[in-house]
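Values reported hereafter were calculated over all heavy atoms of this structure, with side chains retained and with hydrogens, waters and symmetry mates removed. Note that the coordinates shown come from a computational prediction; the quantities given were computed from them, not determined experimentally.
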Amino acid sequence: MTGTEAMNETRTMTGMAVLTGDARDMEARAADMVPLLSSLAGAIPSLELWMGYTGPVPDRFPEWPVALNRVHRIPLPDAGVPDSILDLLADKHRHSPKDLYLFAGTDAGDCLAARLGFRLQGQACLQVQTCNIGSDNTLSVGRLVYGSHLQAHQVPDPSPWCLSAAGTAGVDLKWTRDPGCGVTDLPDPDIRPLSWIQSTRVFPVAVDDKLAGADRILVLGNGVRSEQILEQMKPVARALNARIGATRPVVMNGWLPMDHLIGVSGTMVAPSLCIVAGVSGTGAFSAGIRQAEWIVAINTDPDAPVFQSADVGIVDDLVPVLLELARLIQTQEPQ
């Protein structure tokens, strides 16, 4: 092998994935990692998995495109304070360094990626959508920037790389009780209080997780104008046999709960039919519905960005359009 060939040869890299939360959180976030792991499979043949869990001990493991070479399970008393697992990861790196650390794109995952990257004097990239390791062993990532209005491609250097995976939809991830490797159960971490946190409280929130798997979705945006008009749309959704989703202005006004939010910071959906009414169509929102098979957009502004990703566009007020649509469906139903 010549010197040039040796320089261009891609060396085998090492990686670690980290999942935190309860079983439902882990299943959803493990699916978000599939696209990134698929593109990294050639450079990272296997990786460690750390599962920081709340609730019952996880006994199922993701069947990712990259094989697992070790699983570590660690109980976490509070999913909102990740410092206990952060200390363990930093100590682990000192004894067995990795080239890449992959976290879920949750608030806790973003926090872990950013802070671990700083501790290890590496690079952190959050909400990554695509990544690739080139023949020269450099990493390139794709992510939304500038308020999700622009797709950027970045080359973070040097390693270790600490990434969090952006939310995705439509990924069918299988789980198994046999990870094909050893499983280590770590004891409760020694939680030391942080001087800058005076107290913490956890408020459990009932989450409607049926939105992610819905076949039909009616998304309502700021164009509904009031909570009263939104109430008129609920019978329309029932007539369409559709779940109701919302944009950030709707949930911030308190017209619908936060678990109805669709987009990068909410739920990523992949329905067969998505009707988007009164939505301008920012990049963060459009990313949440891009896996939909058929998109119908209704907006009074003919230049609204949402029309760029729509299969059918209707320039009109959403209220008469949706009420008429519901009436037509009901009149065609068998009596």
Side-chain angles (χ1 to χ4, degrees), residues 10-21 25-53 58 61-74 76 79 82 85-86 88-93 96-134 137-144 153-169 171 173-175 179-181 264 268:
T10 302
R11 70 176 176 88
T12 299
M13 296 191 173
T14 56
M16 176 189 295
V18 180
L19 296 172
T20 60
D25 294 332
M26 289 188 184
E27 291 194 8
R29 300 309 174 179
D32 292 342
M33 296 180 177
V34 170
L36 302 186
L37 291 174
S38 296
S39 61
L40 295 172
I44 302 178
S46 64
L47 75 162
E48 288 186 34
L49 169 61
W50 282 55
M51 306 177 80
Y53 63 90
F61 310 94
E63 293 187 347
W64 276 327
V66 177
L68 301 179
N69 57 46
R70 193 73 192 178
V71 175
H72 302 275
R73 297 184 296 199
I74 177 172
L76 295 181
I85 198 170
L86 180 66
L88 287 172
L89 294 176
D91 184 67
K92 175 74 173 179
H93 182 82
S96 178
K98 300 289 187 292
D99 297 294
L100 182 139
Y101 295 85
L102 181 59
F103 299 87
T106 60
D107 289 342
D110 287 346
C111 177
L112 284 169
R115 295 174 64 188
L116 185 64
F118 176 79
R119 286 197 186 190
L120 304 184
Q121 298 183 351
Q123 295 292 321
C125 288
L126 310 183
Q127 299 295 317
V128 174
Q129 295 177 315
T130 62
C131 63
N132 179 65
I133 296 179
N137 297 313
T138 58
L139 176 74
S140 60
V141 301
R143 54 191 292 267
L144 294 173
H153 293 277
Q154 302 171 331
V155 181
D157 186 64
S159 66
W161 306 301
C162 299
L163 314 180
S164 68
T168 186
V171 175
L173 176 61
K174 295 182 179 180
W175 290 71
C181 65
V264 170
M268 311 289 279

Q: How far apart are the C-alpha atoms of Glu63 and Trp175, what are their side-chain angles, what is the distance that settles it, and do they pass the side-chain contact (heavy atoms from CB on, under 4.5 Å) test?
A: CA-CA 6 Å; Glu63 293 187 347; Trp175 290 71; over 6 Å; no
Q: Run Leu88 and Trp50 through side-chain contact (heavy atoms from CB on, under 4.5 Å) and show every step you take.
A: CA-CA 10 Å; Leu88 287 172; Trp50 282 55; 3.9 Å; yes
Q: Spell out, as yes or no, whether a donor-acceptor pair under 3.5 Å connects the side chain of Trp64 to the backbone of Ala30.
A: yes
Q: Evaluate Thr168 against Met268 for side-chain contact (heavy atoms from CB on, under 4.5 Å), listing each step before the verdict.
A: CA-CA 6 Å; Thr168 186; Met268 311 289 279; 5.6 Å; no
Q: Regarding Ser164 and Asp110, is there a side-chain donor-to-acceptor distance under 3.5 Å anywhere?
A: yes
Q: Considering non-hydrogen atoms only, spot the tightest contact between Leu36 and Val128 and give its length.
A: CD1-O, 3.8 Å
Q: Under 3.5 Å, side chain of Thr138 to main-chain N/O of Gly134, donor-acceptor pair present?
A: no
Q: Is there a side-chain contact between Leu139 and Leu163 (heavy atoms, below 4.5 Å)?
A: yes
Q: Would you name the heavy atoms of Gln127 and Gly167 that are closest together and state the gap between them?
A: OE1-N, 4.1 Å
Q: Heavy atoms only: give me the nearest Val171-Ala31 pair and the separation to one decimal.
A: CG1-O, 3.8 Å
Q: Donor-acceptor check, side chain of Trp161 to backbone of Pro156, threshold 3.5 angstrom: yes or no?
A: yes
Q: Only one of Asn69, Leu100, Asp99 clears side chain to side chain contact (heavy atoms under 4.5 Å, CB included) with Thr14; which?
A: Asp99
Q: Using the rule side chain to side chain contact (heavy atoms under 4.5 Å, CB included), only one of Asp91, Leu112, Val18 pairs with Leu86; which is it?
A: Leu112
Q: What is the minimum heavy-atom distance between Ile44 and Val66, and which atoms define it?
A: O-CG1, 3.3 Å
Q: Before giving the answer on side-chain contact (heavy atoms from CB on, under 4.5 Å), spell out for Leu47 and Met16 the whole-Å C-alpha distance, their side-chain angles and the decisive distance to 0.1 Å.
A: CA-CA 5 Å; Leu47 75 162; Met16 176 189 295; 5.7 Å; no
Q: Do side-chain atoms of Arg143 reach the backbone of Cys125 as a donor and acceptor pair under 3.5 angstrom?
A: no
Q: Determine whether the side chains of Asn132 and Ser39 contain a donor N or O and an acceptor N or O closer than 3.5 Å.
A: no
Q: What distance do Lys92 atom NZ and Leu116 atom CG have between them, rounded to the nearest 0.5 Å?
A: 13.5 Å
Q: Residues in salt bridge (Lys or Arg N to Asp or Glu O under 4.0 Å) with Arg70, at least two apart?
A: none
Q: Applying salt bridge (Lys or Arg N to Asp or Glu O under 4.0 Å), name anything that partners Asp157, two or more places apart in sequence or on another chain.
A: none
Q: Grab the two heavy atoms, one from Pro58 and one from Met51, that are nearest each other, plus how far apart they are.
A: CB-CE, 3.8 Å
Q: Sequence neighbours excluded, which residues qualify as salt bridge (Lys or Arg N to Asp or Glu O under 4.0 Å) partners of Arg73?
A: Asp185
